[in-house]
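For reference, the structure discussed in these notes is given below.
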Amino acid sequence: MSKLKAKYGKYFKFEGTTNGTDYFLRGLVGGFVFMIPFLILLGIGTYLVTAGSPVVGAILIVLGAALLIPYMWFSLATTWKRINAFWPNHATKLTVAVFVLSFITQIFSPESGIVSSYIPFLTLVIPQTIFSFYILFANSKVKKHIG
């Protein structure tokens, strides 16, 4: 376990910076590493619940949902590292703001049923998209990223 922590622990720590390419690749690989087992456990659990084995199915669903915790931590740490490359004094505040804005944007999506117009949704998603593209493609002043 200590070897795994030494090798992969840096991806879950809120320290250092990362470049745009690593930021993109970590998001892509992190999605596969955490979401594929999540979806498999969720699917098998749902099938077992409907097939007459609700206890085992519920356990698999809870285990799948438990994978969301390290995924969110990994995602937040990766985003924090990228934002830290641009604004080291405000990385935590900006990361929280991006995270909260993502949830608020989903609430104001017309598919949520809360609002029927695309205007509030677009008002939130356009600046969020511009900011996301900026931190993905812009060059920071950090010459050597450690994180």
Side-chain angles (χ1 to χ4, degrees), residues 1-88 90-118 120-138 140 145-147:
M1 189 68 161
S2 62
K3 288 182 182 180
L4 286 173
K5 186 177 179 182
K7 186 172 183 178
Y8 297 109
K10 69 178 182 179
Y11 299 114
F12 293 90
K13 292 181 181 175
F14 288 84
E15 58 187 35
T17 61
T18 187
N19 62 31
T21 304
D22 287 344
Y23 174 67
F24 176 76
L25 292 175
R26 286 181 188 185
L28 193 65
V29 170
F32 284 122
V33 166
F34 291 105
M35 292 315 254
I36 289 175
F38 165 73
L39 293 173
I40 289 170
L41 289 171
L42 185 68
I44 293 171
T46 304
Y47 172 76
L48 289 174
V49 166
T50 59
S53 185
V55 174
V56 176
I59 290 171
L60 289 177
I61 291 171
V62 169
L63 287 174
L67 284 173
L68 294 177
I69 295 168
Y71 173 67
M72 293 303 293
W73 192 270
F74 174 82
S75 179
L76 285 170
T78 301
T79 303
W80 186 90
K81 289 175 191 216
R82 186 61 184 150
I83 291 173
N84 191 42
F86 292 102
W87 305 282
H90 306 288
T92 303
K93 293 174 195 167
L94 287 171
T95 303
V96 170
V98 167
F99 187 70
V100 169
L101 185 61
S102 294
F103 279 112
I104 293 171
T105 302
Q106 293 304 314
I107 291 170
F108 283 102
S109 171
E111 285 108 23
S112 70
I114 295 174
V115 294
S116 59
S117 172
Y118 277 95
F121 176 70
L122 290 175
T123 304
L124 294 169
V125 83
I126 290 172
Q128 184 179 2
T129 303
I130 292 169
F131 181 76
S132 296
F133 280 143
Y134 179 79
I135 65 171
L136 179 63
F137 293 113
S140 67
H145 296 279
I146 300 172

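Hydrogens, waters and symmetry mates play no part in the numbers below; they use all other heavy atoms, side chains included.
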Is the side chain of Ser109 donor-acceptor paired with the backbone N or O of Thr105 at a distance under 3.5 Å, no angle test? no
Answer yes or no: are there more than 12 heavy-atom neighbours, outside Trp87 itself, under 6.0 Å from its atom CH2? yes
Starting at CG of Leu136, measure out to CZ of Arg82 and round the result to the nearest 0.5 Å. 7.5 Å
Look up atom CG in Leu124 and atom CG in Leu101, then write down how far apart they are to the nearest 0.5 Å. 5.5 Å
Nearest 0.5 Å, what's the CG-OG1 distance between Asn84 and Thr79? 12.0 Å
Can you name the nearest heavy-atom pair linking His145 to Asn19, along with the distance? CD2-CB, 3.5 Å
May I ask you to decide if Tyr71's main-chain N or O and Ser75's side chain share a donor-acceptor pair within less than 3.5 Å? no
Parallel, tilted or perpendicular: which one describes the rings of Phe12 and Phe34, with boundaries at 30° and 60°? perpendicular
Can you name the residues that form a side chain to side chain contact (heavy atoms under 4.5 Å, CB included) with Ala65, not counting sequence neighbours? none
Should we say atom CZ of Phe38 is surrounded by more than 12 heavy atoms from elsewhere, each under 6.0 Å from it? yes
Taking side chain to side chain donor-acceptor pair (under 3.5 Å) as the definition, give me every residue that meets it alongside Ser112, ordered by chain and number, with sequence neighbours left out. none
I want to know whether Phe121 and Phe108 have ring centres closer than 6.0 Å. no
Between CG on residue Asp22 and OH on residue Tyr11, distance to nearest 0.5 Å: 8.0 Å
Counting only heavy atoms not in Tyr47, do more than 12 fall under 6.0 Å of its OH? no
Closest heavy-atom contact between Leu67 and Pro37? CD1-CB, 3.6 Å
Find the distance between CD (Glu111) and CD (Gln106) and round it off to the nearest 0.5 Å. 8.5 Å
Taking every heavy atom of Thr18 against every heavy atom of Thr78, the minimum-distance pair comes out as CG2-O, 4.1 Å
Non-hydrogen atoms of Ser140 and Ala85 that approach each other most closely: CB-O, 3.3 Å
Sidechain-backbone polar pair: Lys81 side chain, Lys13 backbone, donor-acceptor under 3.5 Å: yes
The side chain to side chain donor-acceptor pair (under 3.5 Å) partners of Thr92 (sequence neighbours excluded) come to Trp80
Could you tell me the separation between the OG1 atom of Thr46 and the CG atom of Leu41, rounded to the nearest 0.5 Å? 10.5 Å
